[in-house]
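Input: a single structure, listed below in structure tokens.
Owing to the predicted nature of the structure, the values given are computational and were not obtained by experimental measurement.
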Amino acid sequence: QIADEQVRLDLEEAVWCEEHLDGLMTSCLEDFPDDDVSELADYAAGIARSSITDRTRDGHARIIKAYIMFHKQRNTEWGPTAVTRQTPYDIRAFITHKCGEKDKGYEGKKFSTAVSTRAALTYWYRHCRPNESVVEWRCDENTGICHGLPTRARAVSEFMIGLEKMKARSGEVSQSARALLREDMHRLYDYCMDSTHTTEERRWGVVRYTAYIFAWLMLLRIEEVVTLEFTSIEIIPGERAYIEVRLKTRKSAQTGVLHTWRLWANDADARLCPVRALIRLASLYGPHKLLKGPLFLRIGKLGDVLHDQPVVGSLETW
């Protein structure tokens with residue numbers, strides 16, 4: 001049951017990543033160089049461009065091109081648009097090539113690259129099979145015909161869950177707050193609030209830790225939490241025990257119903273208290289800040305709050 005729940009959460013997170021692929025792409029494009037002028041590179045680029053004609057999708061095409069080249073180099077008979085029982089394992093093999101451990105002969109890229117790669121390949125296979133379901137993967141035992149998206153396969157989900165755990169053990173900071181333990185949050189708090197830091201670092205620490213404690217308590221990704229706005233927060237007059245947080249409707253939410261989290265003050269462990277974190281953020285912004293627009297704002301090099309520059313994207317970009 002625990003494994004099933006992990007897979008369910010992974011698939012839900014994957015949908016969010018696909019919805020925000022453009023933002024995720026900016027942090028990993030350097031992992032997919034586009035300087036190969038070989039005949040195979042031209043062939044792969046042509047295949048990718050035949051389905052992805054939107055010029056704003058250059059990043060997507062670069063990942064798909066690299067995917068096609070990787071498999072064509074291993075097997076010249078491999079079909080870029082074919083979908084079989086093997087396709088989920090082809091996806092796993094390519095992500096392993098990019099993000100596996102360097103000491104085992106792989107490129108050692110970050111987990112965020114794996115996430116972006118999976119999302120880009122979802123985009124690819126949706127274009128290859130536009131009439132297939134986008135929410136499942138299943139293979140007919142009698143005919144061998146596969147339906148849905150191979151990136152939705154349980155084999156891919158289990159692989160991604162294992163890869164994230166491996167990256168966490170190696171010390172890579174995860175973009176998913178679900179991978180953090182209480183002790184990790186304590187260490188993160190101590191680091192963000194370190195009084196020996198510069199003014200800029202301390203103020204960034206307030207913004208970062210507030211985003212992380214919200215993500216940790218609400219089981220969201222950092223990229224999702226930074227979309228919160230002031231209007232997402234409801235503080236009931238006279239109520240000191242909790243605050244309520246509402247997230248914008250996600251495209252993957254079939255009912256369109258807004259979800260509300262009630263985050264309780266934590267007097268027993270002040271470092272894990274979302275109310276105190278929000279108070280620190282309010283103190284940083286000052287009494288004259290208009291309570292509208294993005295909740296998380298960037299900090300300038302002199303420690304000033306950049307009220308017209310919201311935090312966007314993954315943790316690696318801010």
Side-chain angles (χ1 to χ4, degrees), residues 2 5-17 19-20 111-112 115 161 164-165 167-168 172-194 202-250 252-253 257-285 291 294-297 310-316 318:
I2 292 175
E5 180 65 9
Q6 287 180 320
V7 169
R8 187 191 66 78
L9 290 171
D10 170 76
L11 291 173
E12 181 180 291
E13 192 167 282
V15 171
W16 183 88
C17 292
E19 293 171 1
H20 296 79
F111 184 69
S112 57
V115 171
I161 292 167
E164 183 171 23
K165 289 179 180 178
K167 292 291 187 180
E172 182 179 315
V173 176
S174 172
Q175 296 301 303
S176 174
R178 288 197 292 269
L180 297 177
L181 302 175
R182 180 188 298 266
E183 293 75 16
D184 297 321
M185 294 302 295
H186 285 163
R187 286 194 292 270
L188 182 62
Y189 174 91
D190 293 340
Y191 175 78
C192 289
M193 303 302 157
D194 190 337
R202 290 198 308 273
R203 292 184 171 183
W204 260 125
V206 170
V207 177
R208 287 189 175 108
Y209 190 73
T210 304
Y212 248 114
I213 191 64
F214 274 40
W216 190 63
L217 293 172
M218 297 162 65
L219 295 179
L220 298 175
R221 293 180 65 84
I222 291 297
E223 297 98 322
E224 196 161 17
V225 165
V226 297
T227 65
L228 292 174
E229 299 183 351
F230 281 95
T231 53
S232 304
I233 310 297
E234 183 172 351
I235 302 175
I236 301 173
E239 179 58 70
R240 301 172 61 88
Y242 65 85
I243 56 176
E244 290 188 341
V245 184
R246 291 184 176 85
L247 197 65
K248 290 181 178 179
T249 304
R250 296 166 63 170
S252 56
V257 175
L258 288 173
H259 186 74
T260 300
W261 288 263
R262 180 168 290 184
L263 303 184
W264 294 85
N266 190 341
D267 293 330
D269 191 342
R271 288 183 290 183
L272 300 182
C273 179
V275 176
R276 288 175 173 82
L278 194 62
I279 291 172
R280 282 192 297 270
L281 192 67
S283 298
L284 173 64
Y285 291 165
L291 302 182
L295 180 63
F296 297 103
L297 302 173
V311 169
V312 294
S314 66
L315 187 66
E316 295 167 357
W318 52 286

Ignoring hydrogens and geometry, is there a side-chain-to-backbone donor-acceptor pair from Tyr285 to Leu295 under 3.5 Å?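 At least one qualifying donor-acceptor pair exists.
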
Does any part of the side chain of [Y], heavy atoms only, come nearer than 4.5 Å to the side chain of [X], both counted from C-beta?
| X | Y | value |
| --- | --- | --- |
| Tyr242 | Val275 | no |
| Asp269 | His186 | yes |
| Ile235 | Leu278 | yes |
| Tyr189 | Leu272 | no |

Could you pull out all residues at least two apart from Arg271 that satisfy salt bridge (Lys or Arg N to Asp or Glu O under 4.0 Å)? Asp190

Contacts of type side-chain hydrogen bond (donor to acceptor under 3.5 Å, both in side chains), residue Glu239, not counting sequence neighbours: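 Not a single residue meets the side-chain hydrogen bond (donor to acceptor under 3.5 Å, both in side chains) criterion with Glu239.
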
Candidate pair Leu188 and Trp216, rule side-chain contact (heavy atoms from CB on, under 4.5 Å), full reasoning: CA-CA 12 Å; Leu188 182 62; Trp216 190 63; over 6 Å; no

Non-hydrogen atoms of [X] and [Y] that approach each other most closely:
| X | Y | value |
| --- | --- | --- |
| Ala211 | Ile222 | O-CD1, 4.2 Å |
| Trp204 | Leu297 | CZ3-O, 4.3 Å |
| Leu263 | Pro274 | CB-CG, 3.7 Å |

N-O pairing of Arg276 and Asp267 below 4.0 Å: yes

Is the count of non-hydrogen atoms from other residues, nucleotides or ligands lying under 6.0 Å from Tyr191 atom OH greater than 12?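 No, not enclosed.
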
[atom1]/[X] to [atom2]/[Y] distance, rounded to the nearest 0.5 angstrom?
| X | Y | atom1 | atom2 | result |
| --- | --- | --- | --- | --- |
| Arg246 | Leu228 | CZ | CG | 12.5 Å |
| Ile213 | Leu281 | CD1 | CG | 13.5 Å |
| Arg203 | Cys192 | CZ | SG | 15.5 Å |

Can you tell which of Leu217, Leu219, Ile243, Leu220 makes a side chain to side chain contact (heavy atoms under 4.5 Å, CB included) with Trp261? Leu220

Identify which one of Arg262, Met218, Glu234 satisfies the side chain to side chain contact (heavy atoms under 4.5 Å, CB included) criterion when paired with Val245. Met218

Please enumerate all residues that pass ring pair (Phe, Tyr, Trp, His ring centres under 6.0 Å) together with Phe296, with sequence neighbours excluded.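 Scan of Phe296 (ring pair (Phe, Tyr, Trp, His ring centres under 6.0 Å), adjacent residues dropped) gives none.
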
